[in-house]
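Everything on this sheet refers to the single structure shown next.
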Amino acid sequence: MFKSRLFKMIALLGVMFMTIVSTFSNIASADAANEKNKGNLKGIPGTIEYNSNEDIAAWQRLQYGMFIHWGLYSELGGVYKEKPVTRGYSEQIQMWANIPEEEYLKVANQFKAENFNPKEICSLAKDAGMKYVVITSKHHDGFSMFDTATTDYNIVDSTPYGKDPLKELANACRDQGLKFGVYFSLVDWHQGHPFDNNNNNSIPESMEPTIEKQIRELMTNYGPIAEVWFDMSSPTQAQSSKFAGIVRELQPHAVINSRIFNNQGDFRTLGDNQVPASTLDGAWQTPASIYHSTWGYRSWQVRDNFDGKVRDLVTGLTSVTARGGNYLLNIGPRGDGSVVDFEADVLRAIGSWLDRHPGAVLGASATRFGKQPWGEVTVNNHDLFLHVINWPQSGELKLSGLATRALNVQEDGNTSELQWKQEGNDLVITLPNKPTDAILPVIKVKLAGDLRIIPEKTLTNENDGTWNINPADLYLGRSYADRGSYYTTKQTTVRQTAYIASHKGGQVYLEFDGKANANEKYQIEIGNHSYVVSGEELTNSSIGPFTVPANEVTTFTITLAEPAYPTKDLELEFKSAHIVSKNPNKFNSPKE
């Protein structure tokens, strides 16, 4: 009896074991089939396009520019009463050293700027590969570095230099084919703002006329302006709109940065030296400095590790470009106008790296691959560039999701073809033991056609024509918005996207589960069809029909149809979405 029961138990355990093995085998087979199916799909376009507004797109194509912080503070060079001022940025030394204005103005008496040479500065910018120049017309100290009728607290009326450097630089930029832009601080200690360590001053009504007149002068007297870079303070919505309106009236093709605040700008300025963790939606820029501790000239600045500095800045430029942004790199000339040799050499070294890798950054576009464990990816026509920031110790580099056939792989700058293979949507490259370029090596992949990719989280379906989409399946389009100041700037979600695919295709409908702003209108896109619905309709109705093509990755996206400003948050809580082939007839009047 005992043996009989024992045999039955062993048999039962055997059945259970086989069932478990079969279940895991089926799961593994399904996963394998899913990956195999992805390999037979037509991918989505892999290049991130520029803004639909041509003026903003023209600015995005500039990609890389020179920022110049130069003013009375440059004459002090970070030193007051023969002592280094170690707090804060050196261009704000008047505040950090608490220098009375009458003493600060004495600096103007010795500001000769005898070595300021706009032609040489423009030549340096071109050597560095830059396409435009932005200079400080007025920083927080309120001292105007241009000819203004609003005050004699300016470089023409109060210094031995006695000329308008902005006009000379603007002319030199035009002569050498560079675009020209101006920085303008909305904080003005001379006009009455008290020192505030956060530079978050509100703008009293009494200051508005001077600000308006100075903006009008800058937008009128210096030819075409490509970029207007406002900075700091805490303006009201009306003030932001008014100041931006003057620029748009007088320089309709100029783009305005987001530090005009209240979301009135054309592109988003990130934090100083900030490289975002992922690609951002819309136009944006990273302002970068050679030394993160200052923008204005600092005589006691330690200048060493030249190669490391070049590598860091090349990496910053490459990462920003690969994630869809512009890179504005600063120099801080001395008070006499001369450029520090170390900074000039760094810029030329960056230019040399760009020359060694033509098309890899300048003229290249961001891709939908996003950041990779080993580095960044850019594309230029049918050339894919893999920027290997972290050289894999394994000697193997893998790029997943490439749906376009590769034709050739080589290290950029080396004519020898590397060993490589393309398995499904994975490109696997065997790297040499040591890279050719010691600064930042680049692998160039020649493609057979336009870049197409298979997103990692693509949901394939071979059964009943139903896709269940959860928050983990989404790709989020990120940006930033503010409520009137630098310190109210918060990250926003401006897009929710998922990717679906089927070998059958057909007509489908969307059912959304979540919460939406009832006062907003949402645009729902699946493939080539879109509908505009209210927040209430989105959460309570079935939307469609849409068409899912066969054997192709199809994009499902939710955005705001009529946002108050481009970076406005969706105000959407996504719990799940169901894309189904049968119409539940809950929503009968879609607006396509």
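The analysis underlying the following values was restricted to heavy atoms, covering all of them including side chains, and did not include hydrogens, waters or symmetry mates.
Taking the six-membered ring for Trp and the full ring otherwise, the centers of Trp229 and Phe184 sit at least 6.0 Å from each other. Tyr89 and His69 have their aromatic ring centers separated by at least 6.0 angstrom.
Between Arg334 and Asp341, no side-chain nitrogen of the basic residue sits less than 4.0 Å from a carboxylate oxygen of the acidic one, so the salt-bridge criterion is not met. Remark: Glu249 engages Arg216 in a salt bridge, criterion side-chain N to carboxylate O under 4.0 Å. With salt bridges taken as basic N to acidic carboxylate O contacts below 4.0 Å, none links Lys309 and Asp312. Contact check on Arg356 versus Asp437 returns a salt bridge, with a Lys/Arg side-chain nitrogen under 4.0 Å from an Asp/Glu carboxylate oxygen. A salt bridge links Glu520 with Lys568: at least one charged nitrogen is closer than 4.0 Å to a carboxylate oxygen.
Here salt bridge (charged side-chain N to carboxylate O under 4.0 Å, His left out) pairs that include residues 98-114, with residues two or more places apart or in two chains, number zero.
Below 30°, between 30° and 60°, or above 60°: for Tyr183 and His139 the angle between ring planes is below 30°, a parallel geometry. Classification of the Phe111-Trp70 ring pair by plane angle, with boundaries at 30° and 60°, yields tilted. Taking the six-membered ring for Trp and thresholds of 30 and 60 degrees, Tyr222 and Phe180 have ring planes inclined between 30 and 60 degrees apart.
The one candidate from Leu329, Val314, Asp307, Leu313 that meets the side-chain contact (heavy atoms from CB on, under 4.5 Å) condition with Val346 is Leu313.
A donor atom on one side chain and an acceptor atom on the other are not found under 3.5 Å apart for Tyr73 and Asp141. Side-chain contact check for Gln176 and Ser123: at least one donor-acceptor pair (N or O, by modelled atom type) lies under 3.5 Å. For the residue pair Asn517/Glu571, the side-chain donor-acceptor check at 3.5 Å is satisfied. For the 3.5 Å distance criterion, the side chains of Asp482 and Thr489 fail to qualify, holding no donor opposite an acceptor. Under 3.5 Å, the side chains of Arg311 and Asn305 contain no donor-acceptor pair of N or O atoms.
Atom CZ of Arg61 is surrounded by more than 12 heavy atoms from other residues, nucleotides or ligands within 6.0 Å.
Checked by atom type and distance alone, the side chain of Thr492 never pairs as donor or acceptor with a backbone atom of Val494 at under 3.5 Å.
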